[in-house]
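Structure, as structure tokens:
Owing to the predicted nature of the structure, the values given are computational and were not obtained by experimental measurement. Lettering follows sequence order; numbering is per chain, from 1.
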Number of protein chains: 2
Amino acid sequence: MSIDRRSHTPVYRQMANLIRERIYSGEYPADAPLPSEATLSQEHGVGRDAVRQALALLRAEGLVTTERGERSRVRAALNRAAVELPPGGTAIARMPHDPERVDRDLDEGVPVIEVRHPDGTTEVYPADRTELIRPA
Amino acid sequence: MSIDRRSHTPVYRQMANLIRERIYSGEYPADAPLPSEATLSQEHGVGRDAVRQALALLRAEGLVTTERGERSRVRAALNRAAVELPPGGTAIARMPHDPERVDRDLDEGVPVIEVRHPDGTTEVYPADRTELIRPA
DNA sequence: TACTATTTGTTCGTATGTATA
DNA sequence: GTATACATACGAACAAATAGT
């Protein structure tokens, strides 16, 4: 797969698709660093900007994490315990808003599960990706 | 000569021109270390990035060499013997590709001369800069 | 030998300008 | 007018190699 300049799909989305496929295929294994933005930029003949926008999409999907000064990494799969629901309780999955995400020290792309008990109290759990499976 | 912020010539190219002139003028003599990147950056009021890009241009031209942990140096002029061409032989000057350059242990910016003999054999010589002369 | 300072290498964050669709 | 795309530019932080004490 490579970048199609004539496609109407923006370059940065094509880049995201390309990197995502390499993650799902195992070419970029979990916890491994991706090539640097500059390397990806050169190898695929696109601007650094397009690479950065692609990585932003993958971060939002929870597939990669990025820290300043380090190459982006494939998010390691975590095995989290299921949330036990109390009788009459409800659970809602949502994305945290940005200050909340920072406050809870969560990576981008990590949804939270908000458990509401019958007595009105609520608890919030991060819902990390549990497996590396291509969404249907 | 100094950096013109209003010029359409990129800052890093202006920096390369500036340093190149100082090399040709003898202000930075052969084999002498240039000022550090940080010094050049501060003295000319440009970012370290611009300095590094300028040095990359000069390396590609074969004017300077850079080693990690040391300041860049003006490439010493070497007096290499002329290549003797056999009757019917041909010679081609070209830049080595990157793995070849590493393999032959050559600095950046050093072309090679490929001598082809009538019998089909070839020899390759590095073609170091022999004099410090402003190209016409 | 060991420690420290200097220096280049790498990398991401951010901003600006320009061009194009 | 907006979104996309690229090049340029600066900053910050850290790693790694070298040199001097």
Side-chain angles (χ1 to χ4, degrees), chain A residues 2-19 28 31-60 63-75 98-99 101-102 107-109, chain B residues 2-19 23 28 31-61 63-75 98 101-102 105 107-109:
Chain A
S2 69
I3 302 300
D4 179 3
R5 242 47 218 237
R6 286 164 304 181
S7 166
H8 288 165
T9 303
V11 172
Y12 74 95
R13 290 187 181 277
Q14 292 186 52
M15 276 300 297
N17 295 342
L18 195 154
I19 297 170
Y28 296 150
D31 224 27
L34 299 178
S36 73
E37 292 172 358
T39 301
L40 288 169
S41 166
Q42 287 165 18
E43 286 184 350
H44 297 98
V46 303
R48 188 186 166 206
D49 220 38
V51 173
R52 287 182 58 74
Q53 285 188 75
L55 291 175
L57 287 179
L58 298 178
R59 272 196 301 276
L63 273 183
V64 306
T65 65
T66 306
E67 281 178 88
R68 187 185 200 132
E70 290 176 42
R71 285 188 263 164
S72 294
R73 285 179 173 278
V74 179
R75 284 265 307 285
D98 208 62
R101 185 181 65 75
V102 173
D107 278 335
E108 290 179 63
Chain B
S2 68
I3 303 300
D4 179 4
R5 240 47 217 234
R6 286 164 303 182
S7 165
H8 287 164
T9 303
V11 172
Y12 74 97
R13 290 188 181 276
Q14 292 187 53
M15 277 301 297
N17 295 343
L18 195 153
I19 297 171
I23 291 174
Y28 296 151
D31 224 26
L34 300 178
S36 74
E37 293 172 357
T39 302
L40 288 169
S41 166
Q42 288 165 18
E43 286 184 349
H44 297 97
V46 303
R48 187 186 166 205
D49 216 42
V51 173
R52 287 180 60 76
Q53 284 190 74
L55 291 174
L57 287 179
L58 299 177
R59 272 196 301 275
E61 293 171 16
L63 273 183
V64 306
T65 65
T66 306
E67 282 178 87
R68 178 178 230 176
E70 291 177 45
R71 285 188 262 166
S72 293
R73 286 178 173 278
V74 179
R75 283 266 306 284
D98 207 62
R101 185 181 65 75
V102 173
D105 196 28
D107 279 334
E108 290 178 64

Between [X] ([atom1]) and [N] ([atom2]), how many Å, whole number?
| X | N | atom1 | atom2 | answer |
| --- | --- | --- | --- | --- |
| B/R68 | C/dT8 | CZ | P | 12 Å |
| A/L40 | D/dC6 | CG | P | 13 Å |
| B/H8 | C/dT16 | NE2 | P | 18 Å |
| B/E37 | D/dA17 | CD | P | 16 Å |
| A/M15 | D/dT4 | CE | C1' | 15 Å |
| B/R13 | D/dA7 | CZ | C1' | 11 Å |

- Query: Are side-chain heavy atoms of A/M15 and A/I3 found at a separation under 4.5 Å?
  - Reply: yes

- Message: Any non-hydrogen side-chain atom of A/L40 less than 4.5 Å from a side-chain atom of A/E37?
- Response: no

- Query: Can you find a side chain N or O atom of B/Y12 that sits less than 4.0 Å from OP1 or OP2 on D/dA9?
  - Reply: no

- Task: Give none if D/dG1 has no partner; otherwise give the nucleotide forming a Watson-Crick or G-U wobble pair with it, both distances under 3.5 Å.
- Result: none

Give me, pair by pair, the N or O atoms of the protein and of nucleotides 3-6 of chain C that are less than 3.5 Å apart, along with how far apart they are.
none

- Task: Within residues 42-59 of chain B, find the residues that approach DNA chain C with a heavy atom at under 4.0 Å, and present them sorted by residue number.
- Result: B/R48, B/R52

- Task: Determine whether more than 12 heavy atoms belonging to other residues, nucleotides or ligands lie under 6.0 Å from atom CD of B/E67.
- Result: no

- Query: Counting any heavy atom closer than 4.0 Å, what does A/T66 reach on the DNA or RNA strands: base, sugar-phosphate only, or nothing?
  - Reply: sugar-phosphate

- Item | Option from A/L63, A/L34, A/T65 for which side chain to side chain contact (heavy atoms under 4.5 Å, CB included) with A/V74 holds | A/L34

- Item | Nearest-nucleotide pick for B/P10, side chain only, options being D/dA19, D/dT8, C/dC12 | D/dT8

